[in-house]
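Remarks on the structure that follows.
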Amino acid sequence: MEKYLLDLNKEQRKAVIHKDGPLMVIAGAGSGKTRVLTHRIIHLLKEGINPFNILSLTFTNKAAKEMRNRIENIIGNSISKNLWMGTFHSVFSRILRFESEKINYPQNFTIYDTEDSKQLIKSIIKELNLDKDIYKTGLIRNRISTLKNNFITYQKYYENKELALQDQIAKRVEFGKIYQIYQNRCHKASAMDFDDLLIKTYELLELFPDLLEKYQQKFKYILIDEYQDTNHIQYLIVKKLASKFMNICVVGDDAQSIYSFRGANIQNILNFKNDYPNYTSYKLEQNYRSSSTIVEAANSIIKNNEKQIQKTVWTDNPKGEKIIVVKTTSDNDEGRLVANTISEIQMRKQAHCHDFAILYRTNAQSRALEESLRKKNIPYKIYGGLSFYQRKEIKDLLAYFRLAINPNDEEALKRIINYPRRGIGLTTLQNLSLMANSNNSSIWEVINNLDNNSKLNNGTQKKLKDFALTINEFIIKSNEKDAYFASEEIAKQSGIFSELYNDKSPEGVNRFENIQELLNGIKNFVEHAEKESNKLADFMQDVALLTDQDTEKDNDFNKVTMMTVHAAKGLEFPYVFVVGLEENMFPNIMSSESQEALEEERRLFYVAITRAEKRLFLSFASSRFKWGQFIDSEKSRFIDEIDEKCLEKHEHLPSSELKKSKKFMLNKNQIDTKKYALNLNKRRLKKVNYLTNNDYSDTEKIKNGMNVKHSSFGIGKIINISGEGANKKATVFFSGIGQKNMLLKFAKLQIVK
DNA sequence: ACCTCAAACATTTTT
DNA sequence: TGTTTGAGGT
């Protein structure tokens with residue numbers, strides 16, 4: 001037997017060497033799902049299948065990368081690099097760029113991220129003069145996205161009475177109009193949102209039989225990871241592609257389907273047998289990851305769900321220690337508990353930071369945990385939240401890049417037309433937008449073809465012409481020079497570089513460093529790219545599809561991982577903390593209405609605890625700080641669903657500094673109301689301070705040359721005074737920060753002698 | 001056009 | 001509690 005088949009168990013091996021035809025692998029948590037996929041691909045290659053004929057779709061870029069690496073290690077880079085491997089979105093965007101003219105898009109189309117989509121919807125709602133309290137941008141975007149994921153275009157929406165009725169009930173009668181305009185504007189901007197990448201691919205295959213034939217021939221073997229999380233449109237595409245050779249292999253676990261909010265349809269995996277009647281299926285039920293206690297606990301939870309494919313996950317692993325469940329008084333207390341436990345285990349067992357993960361239901365929970373870890377000097381990394389590419393300064397610079405590649409990109413243009421300041425304000429932009437809409441062109445086309453427009457005064461026209469000149473130069477540079485050269489030029493000439501360089505505040509310095517990091521990344525890209533594909537457009541192709549996990553830095557290696565349970569899917573850690581196990585939190589309040597939603601929360605919890613290899617810690621707080629006040633909370637029902645004999649329950653006694661006020665601890669409500677009152681008082685005090693300051697401040701006494709103290713900037717020197725009375729202003733120089741103009745009325749400056 | 005502060009608002013998960 | 005929006009002033 002070949003070496004690569006030796007380290008597989010019987011079932012795994014059957015799945016790997018299965019001949020042609022539809023194949024479904026139901027893989028329980030920790031049962032070696034990725035191993036089966038990679039080995040199957042290796043097996044196909046060994047059997048002489050051309051790597052160009054294999055399409056492997058994963059859920060994240062990271063998973064794709066990891067698979068490619070594993071395959072490369074066994075079979076070599078020259079073969080593995082030719083595999084089609086990536087997320088649905090990245091693979092299909094590549095195909096769409098290749099075939100773009102067929103669907104009437106330029107090759108350099110932009111990919112709008114969620115924020116771009118929201119901004120566009122916001123402007124459409126404004127232009128239509130609709131009530132923004134009824135038409136909430138987030139909701140509208142979600143609805144459009146859900147419709148698209150179910151392959152309901154705006155045309156189909158108009159034909160569907162039931163959907164129209166839903167919107168009538170929600171008093172959003174203009175929804176269809178917004179959807180239609182949104183779609184047209186995206187097209188006019190040569191932009192696609194995430195969902196378009198799927199829809200347009202399907203349309204491409206539907207409208208052009210020759211293309212369908214071409215890609216069916218190309219992708220003779222199709223493998224799909226995390227099949228339980230595919231949505232309807234993905235399902236349709238795959239079905240079309242696979243319909244000729246039927247060599248489709250799907251791997252998944254219905255018990256880990258957690259993305260229904262994104263349109264994932266658990267029916268896809270449950271109905272596989274109907275779609276492909278002559279299918280074969282294997283079940284991987286042996287768990288290699290977790291202690292038997294953890295496996296048993298996981299089983300006891302998931303059996304509460306009604307809808308599922310029957311399977312029994314078991315393990316040969318030792319029993320291990322019991323799962324610790326701890327009740328804490330507050331979210332901060334929970335944070336301290338986690339931090340203390342981590343450092344304790346680290347000392348006793350010589351575990352490394354990267355052995356630990358803290359998982360939570362919502363991103364907002366990271367704050368309290370972060371604070372506790374910082375206090376204990378435990379290094380950590382947070383995934384999710386604001387990723388590198390989402391930061392303002394990065395998005396600003398990227399917007400210039402986007403414009404250089406596709407000047408019709410409306411959202412990019414709006415973002416930077418007045419950043420850095422060049423005196424093109426809201427009124428001008430509104431005018432431009434109106435003109436663009438009326439002659440059905442893009443804003444850029446209006447700006448680029450200005451000839452003595454009567455609606456704009458001469459000064460404004462001059463500014464716009466200058467802007468057009470700049471962008472046109474960027475277009476030329478990005479076409480002619482390599483990505484690094486072009487991006488550096490753009491960073492400098494746009495004014496972003498100096499804008500950030502001159503900001504010497506700590507945040508400003510950080511922003512400047514981020515810009516440099518981006519440029520370094522581009523430099524790296526150019527050094528590794530082929531000559532013919534080292535342009536800025538090549539670099540920008542996938543940027544919108546990158547996430548936090550794809551940009552891991554080297555120095556992030558030995559750190560405690562903090563992430564949402566969703567983000568933890570597919571990962572494993574020796575020690576796992578699942579925090580915030582409270583009703584309305586986990587299960588989340590948004591999911592409490594329906595049985596289906598609750599079952600999904602349960603699957604999410606199942607995913608959470610099956611991440612753990614050795615030890616699992618569950619915690620909940622009886623009170624949590626939210627929206628500026630303490631909210632009482634109850635233990636999550638999921639804890640009670642776990643088999644008692646797997647658990648060891650504790651109540652966490654707060655650390656020493658709180659023990660001093662022990663008498664308050666007798667009644668948690670008491671301490672909460674106390675804290676709350678204290679907080680209120682603080683706020684009131686702030687207000688009073690502000691008022692009194694107004695009356696008795698040193699406003700009148702402050703003179704040029706004096707040293708003053710500011711609450712956040714520290715000591716500075718007055719270098720200029722202007723205005724009188726309430727409008728009296730001072731220019732103050734703070735060392736290390738720079739000059740600031742401030743109204744004395746508000747600045748609360750104290751004279752320093 | 002730009003700047004500032006206070007009021008209003010908001011948290012589910014993400015390619 | 002943080003962040004975004006809007007009013008009102010320059």
Distance in angstrom units between A/Lys65 NZ and B/dT15 P, rounded:
14 Å
Among side-chain atoms of A/Asp225 and A/Thr58, is any donor-acceptor pair under 3.5 angstrom?
no
May I ask you to evaluate whether A/Asn363 reaches the phosphate of B/dT13, defined as a side-chain N or O under 4.0 Å from OP1 or OP2?
yes
Result of checking A/Ile125, A/Ile124, A/Leu128 against A/Tyr135 for side-chain contact (heavy atoms from CB on, under 4.5 Å)
A/Ile125
Please tell me which of the listed nucleotides, B/dT15, B/dT14, B/dT12, lies nearest to the side chain of A/Thr564?
B/dT14
Whole-Å distance between B/dC2 P and A/Arg422 CZ?
11 Å
Quick check for you: among B/dT12, B/dT14, C/dT5, whose closest atom lies nearest to any side-chain atom of A/Lys122?
C/dT5
For B/dA1, take OP1 and OP2 only and decide whether either is under 4.0 Å from a side-chain N or O of A/Thr427.
yes
Using modelled atom types and a 3.5 Å cut-off, is there a donor and acceptor pairing between side-chain atoms of A/Asp331 and backbone atoms of A/Phe625?
yes
Please give, in whole Å, the distance from B/dT14 P to A/Lys62 NZ?
14 Å
Once side chain to side chain contact (heavy atoms under 4.5 Å, CB included) is applied, do any residues pair with A/Arg97, and if so which ones, sequence neighbours excluded?
A/Gln107, A/Phe109, A/Ile111, A/Gln541
Listed nucleotide nearest any side-chain atom of A/Arg367, set C/dG2, B/dT14, B/dT13
C/dG2
Please pick, from B/dC2, B/dT13, B/dT15, the nucleotide with the shortest atom-to-atom distance to any side-chain atom of A/Asn418.
B/dC2
Looking at B/dC9, I'd like to know if its phosphate oxygens (OP1 or OP2) sit under 4.0 Å from a side-chain N or O belonging to A/Lys136.
no
Would you find a donor on one side and an acceptor on the other, under 3.5 Å apart, between the side chain of A/Ser123 and the backbone of A/Gln119?
yes
Give one of base, sugar-phosphate or nothing for A/Phe88, where a contact means two heavy atoms less than 4.0 Å apart.
nothing
So, the side chain of A/Asn588 versus the backbone of A/Ser591: is there a donor-acceptor pair under 3.5 Å, distance only?
no
Let me spell it out: for each of A/Gly425 and A/Ile589, pick the nucleotide of DNA chain B with the closest heavy atom. Which residue's pick is nearer the 5' end?
A/Gly425
A/Asn231 side-chain N/O to B/dT15 phosphate OP1/OP2 under 4.0 Å:
no
Just how far, in rounded Å, is P of B/dT12 from OH of A/Tyr383?
25 Å
Taking the C1' atom of each, how far is B/dT11 from C/dG6, in whole Å?
23 Å
Can you find a side chain N or O atom of A/Ser591 that sits less than 4.0 Å from OP1 or OP2 on B/dT13?
no
Which sits closer to the 5' end of DNA chain B, A/Arg141 or A/Gln365, going by the nucleotide each is nearest to?
A/Gln365
Under 4.0 Å, counting only non-hydrogen atoms across every strand here, what does A/Lys569 touch: a base, just sugar-phosphate, or nothing?
nothing
Among the candidates B/dC2, B/dT14, B/dT12, find the nucleotide nearest to the side-chain atoms of A/Glu601.
B/dT12
Check whether NZ of the Lys or CZ of the Arg A/Arg603 lies under 6.0 Å from the centre of the six-membered ring of A/Tyr606 and within 45 degrees of that ring's axis.
no
Whole angstroms only, please: what is the NZ-P distance between A/Lys118 and C/dT5?
11 Å
Let's see if you can work this out: which of B/dT13, B/dA1, B/dT12 has an atom nearest to the side-chain heavy atoms of A/His566?
B/dT13
With heavy atoms under 4.0 Å as the rule, sort A/Asp113 into base, sugar-phosphate or nothing.
nothing
Answer with base, sugar-phosphate or nothing: what part of the nucleic acid does A/Thr114 contact at a heavy-atom distance below 4.0 Å?
base
What is the distance from OH of A/Tyr389 to C1' of B/dT14, rounded to the nearest Å?
18 Å
Atom CZ of A/Arg421 and atom P of B/dA1 are separated, to the nearest Å, by 11 Å
In this structure, how many angstroms lie between the C1' atom of B/dA1 and the NZ atom of A/Lys463, rounded?
8 Å
B/dT13 versus C/dT4 - spacing of their C1' atoms, nearest Å
23 Å
